[in-house]
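The structure appears right after this line, and notes come after that.
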Amino acid sequence: MDDISHIIDTLNDAQRDAVTTEDQHALILAGAGSGKTKVLVHRIAWLTQVMGFSSYNILAVTFTNKAAAEMRGRIEALVGNQSQGLTMGTFHGIAYRLLRQHFQEAGLPQSFQILDSDDQKRVIKRLLKTMELDEQQWPHRQVQAFINGEKEEGRRPQHIDPGHNPFVKRMVQIYQAYEAQCKKAGLVDFAELLLRAHELWLKHPHLLAHYQSRFRHILVDEFQDTNTLQYAWLRVLAGATGKLFIVGDDDQSIYGWRGAKIENIRQFSQDFANVKTVRLEQNYRSTGTILKAANALIAHNQERMGKTLWSAGDDGNPIKIYEAFNDLDEAQYVCNQVNQWVKEGGERSDAAVLYRSNAQSRLIEQALLQAKIPYRVYGGLRFYDRAEVKDVLAYLRLILNRQDDAAFERIYNHPPRGIGAKTADMIRDIAKMEGVSLWNAMESLLEQGLTARAQTSLMSFKTLIESLEESGEGQELKDQTMQVISRSGLQLHFEKDTSEQGQSRLENLDELINATSVFKTPQSAIEDSLGDVAYASPLAEFLAQAALEAGEQQADKWESCVQLMTLHSAKGLEFPLVFMVGVEEGLFPSQQSTDDAYKLEEERRLAYVGITRAEKQLMITFANRRRMHGSEFYPQPSRFIKEIPNDCVDFVRLTGSARPSSGGQTSGWNETKLNDALAQQTGFALGDRVFHQKFGEGTVLATEGAGEHARIQVNFKAAGSKWLVVGFAKLERL
DNA sequence: CCCCTAGAGTTTTTT
DNA sequence: ACTCTAGGGG
C-alpha cells in the first residue's frame with residue numbers, strides 16, 4: 001500500500017474519523033469553518049488511494065458550480081490525475097448529463113434545451129395571456145412558484161388533488177398547460193431536470209440498477225440545502241447498497257424559502273440504518289469571542305441537532321456594536337472603520353459588509369464612494385442573464401430548434417424588423433388553433449399571404465434564421481455566434497445606442513464571442529456503456545452550459561476593494577473584518593419572518609452564518625432611524641443583538657466607547673448598558689417616555705451630543721417625530 | 001417604433 | 001424613495 005500519510009496526517013481526530021469511516025453511511029455535521037471541504041476531498045482520496053475504489057465508482061454532488069470547481073481543484077491537488085473519471089457536479093448538472101445520455105428513456109427530444117428562470121417567467125406570462133387569465137388575479141410570480149414548488153415535491157399535475165379549492169384547481173390547469181407547452185417546444189426548466197432524472201430512476205429499473213452498481217459511493221455537500229426531490233433522487237440512487245456520505249450543517253440552512261428542507265438532514269439517520277454521525281466542531285477560522293457569540297445566538301433555536309464550535313486560538317477583540325443615529329450615520333461608520341483598519345495595516349479587501357436586503361447596499365455604496373473607498377458589490381445580474389446575451393442565445397436556440405417558442409417570442413422582432421403586434425397575434429392564434437409551434441404557424445401564415453409589408457418582414461426573419469443555420473453548419477461556434485450578432489442586426493441595434501449602457505452591451509457581446517471561442521464540449525461527465533450518444537452538438541452543449549452556469553456570481557475578490565454582499569451570498573466565504581449592518585427588528589429578522597417561529601429560526605441561522613464569516617473582527621451596526629420605501633422607520637435593535645453575551649461585545653457611539661466599566665452579567669438585555677451610557681450624556685435614554693407642553697406624549701428615539709446642548713429625537717403620538725434641544729424643551733419624564 | 005409615464009412592487013438566490 | 005416594466009400616445 002502506498003504511503004497514506006498525506007491523506008490523514010493533516011486531519012484532526014473528528015475529521016479523520018469521518019474520512020476513514022467504514023460504516024455504510026455517514027452524516028458529517030460540519031460547523032462553520034471546521035474543514036468541511038477538506039473532509040470531502042480527503043474522503044475521496046481515502047476511497048481511491050487506500051480503499052482501492054475506482055474514481056469511476058464515486059459520485060460527488062454539490063449545489064453550486066463554484067463549490068464543484070473548488071472541490072475538483074483540491075482533489076487534483078491532493079491525488080493528481082487519479083481523480084479522473086470521478087463524477088462530480090451540481091444536482092442540476094448531473095441531472096442534465098443523465099437526461100442527455102438517456103433522452104429517449106426520459107421522453108425528451110434529443111435537442112432539448114434548458115429553460116432558465118427568466119425564460120420560464122416569460123413562458124408563463126405568455127401562457128396566462130393565451131388562457132385569458134387576469135394577471136392581477138393570477139400573478140405570474142405566484143404561478144411560477146406554484147409550478148416549481150410542486151415539481152420540487154415530485155408532483156405532476158395529475159398527482160395534485162385540488163379538492164374543492166378553486167384556486168388550486170386553476171393553478172393545476174395552468175401547470176398542465178405549461179407542461180404541454182414545454183413539451184412541445186422541447187424545453188426543460190430547472191425543476192424539471194431534477195424531476196425527470198428522478199422519474200428516470202423509477203421508470204427504468206435497468207438504468208437505475210446500472211447506476212446503482214456504478215456509484216458505490218455518493219458524497220453530498222451542503223446537504224441541509226437539499227429539497228424533497230433531490231433527497232428522493234439520492235435515496236433511490238443509493239438503494240440498498242450505495243454508501244452515502246452526507247456533509248452539512250443544520251445551523252446554516254438558510255434556503256428554506258426556496259424549497260430546501262432542513263428536515264432532510266434530521267431525517268437522514270432515521271431513513272437509513274448504519275449511519276455514523278460525526279460532528280466537526282473545531283473551528284479554524286474565527287476568534288474565540290466570535291465563536292462564543294455565534295454559539296450563544298444559535299442556542300436560541302429549538303430545532304437543532306446540536307453542535308458547539310470551539311477554537312484552539314485566542315479570544316481576540318470584542319465584537320463592536322455601533323448604534324447609529326440613522327442609516328447615513330451607519331454607512332459613515334463603516335467607512336471610518338474601514339479606513340481605520342487600513343491605517344492599522346489591514347487590507348481593504350479583508351473587509352466585507354453584509355446586509356439582509358440588497359436595497360441596503362445603496363447608502364453604503366454612496367458613503368464609500370464619497371469617502372473614496374473602492375468597493376465591489378456581489379450579486380446582481382450575471383453574465384448569461386444579461387438581456388443582450390440572452391438575445392443572442394435565443395437566436396442560437398431557434399437555429400438549433402425551430403420549435404423553441406420561448407426563443408421565438410424573444411427575437412422575432414428584436415431588433416425591430418417590422419413584425420408588429422398584429423402579425424404576431426395572428427401567428428399565436430394559428431399556433432394555438434392548430435397546436436403547432438410559433439415557427440410552424442409563421443410558415444403557414446406566410447403561405448396564406450399577408451399585406452405586402454408584413455409578408456416581407458416575416459419572410460426576411462424566416463430566411464435569416466434558415467440561412468444562419470445553413471451557414472453555421474460545419475462552422476466554429478465562435479464564427480457562428482459572430483454571424484448571428486452581425487446578421488441579426490443586434491450589432492447595429494446596440495451600436496445606435498451611444499449611451500454608456502449601449503457601450504457595455506457591445507462589450508458583453510464581445511465577451512460572449514470570447515466565451516464561445518474558448519468553449520470546449522465537456523468531457524462526458526457520465527461515461528456510460530448504456531447510451532450511444534453522450535452529448536449533443538457543440539452548440540447545444542454551449543447553450544445548456546450557459547443556462548446551468550449563468551456565469552460566476554462570486555468571482556475572485558477584486559483587489560483592494562471592500563466586499564459588499566447579502567448575508568445569503570456570504571455563505572461559504574470568510575473575511576478578517578466583517579460588518580453586519582442594519583441589524584434591526586423588521587429588517588433582520590425581516591418583518592415577514594417575525595410572526596412565524598419557523599421562519600424566525602431561519603433568520604437566526606442567517607445571523608449565525610453572518611457572525612461566523614468573521615475571522616478577526618466583527619462589527620454589528622443598527623440605526624435608530626432609517627428611510628425605507630420612502631418613509632421613515634424607527635426600528636428597535638434586533639433581538640439577535642440581545643442574544644449575544646454581554647462580555648463578547650463593546651458598545652460604541654460616535655462620541656466614543658460607551659462601555660460600562662463593570663462586566664458580570666452574561667445574559668439579559670444590553671440596552672441597559674447602552675442606555676446608562678446615553679443617559680449620562682443627555683439625561684434621557686432611548687425608549688424613555690416623555691411629555692412635552694405642546695407636542696404631548698412621546699418616546700425618545702435618538703440622542704445626540706451631551707449636556708445642555710444635547711439634542712434628542714422624540715416620536716410624539718400626535719405630532720410625529722421632532723428633534724429637541726434638551727436645555728430648552730422642558731421635557732417631563734413619564 | 002420609440003419614448004414616456006403611470007403603476008406596481010420592494011427578503012433572501014441557484015440551477 | 002426608487003426602480004422596473006407594461007402599455008399608451010406621439
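Note: hydrogens, waters and symmetry copies are ignored here, and every other heavy atom, side chains too, is used. Remember, predicted model here, so these are calculated numbers, not experimental data. Protein chains get the first letters and strands the later ones, always in sequence-line order, with residue 1 at the start of each.
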Reading nucleotides 1-8 of chain C from the 5' end, what letters show protein touch, with B for base, S for backbone sugar-phosphate only, - for no heavy atom under 4.0 Å?
-> BS---S--
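Screening residues 124-143 of chain A for salt bridge (charged side-chain N to carboxylate O under 4.0 Å, His left out), with sequence neighbours left out, gives A:R126-A:E409.
Side-chain atoms of A:S117 and base atoms of B:dT15 include a donor and an acceptor less than 3.5 Å apart.
Summarising the geometry, the separation between CG on A:D221 and C1' on B:dT14 is reported as 14 Å, rounded to the nearest angstrom. Going from atom CG of A:L194 over to atom P of B:dT15 covers 12 Å, rounded to whole Å. Atom CD in A:Q142 sits about 17 Å away from atom P in B:dA8, given to the nearest Å. Across the protein-nucleic acid pair, A:Q144 atom CD and B:dT13 atom C1' stand 13 Å apart, rounded to whole Å.
Residue-nucleotide stacking is not present for A:F63 and B:dT15, judged by a side-chain ring centre under 5.5 Å from the six-membered base ring centre and planes under 30° apart.
Atom NE2 in A:H300 sits 4.0 Å away from atom CD in A:E643 (nearest 0.5 Å). Between atom NE2 of residue A:H140 and atom CD1 of residue A:I147 there is a gap of 12.5 Å, rounded to the nearest 0.5 Å.
Contact annotation: A:T566 reaches the phosphate of B:dT13 (side-chain N/O to OP1 or OP2, under 4.0 Å). When the side-chain nitrogen and oxygen atoms of A:N358 are compared with OP1 and OP2 of B:dT10, none of them lie within a distance under 4.0 Å. Taking 4.0 angstrom as the limit, A:R382 places none of its side-chain polar atoms (N or O) nearer than this to OP1 or OP2 of B:dT13.
A:Y255 has its ring centre less than 6.0 Å from the ring centre of A:W257.
A donor and an acceptor atom, one from each side chain of A:E584 and A:Q636, are nowhere located under 3.5 Å apart. At a cut-off of 3.5 Å, with distance as the only test, no side-chain donor of A:Q545 or A:E541 sits close to an acceptor on the other residue.
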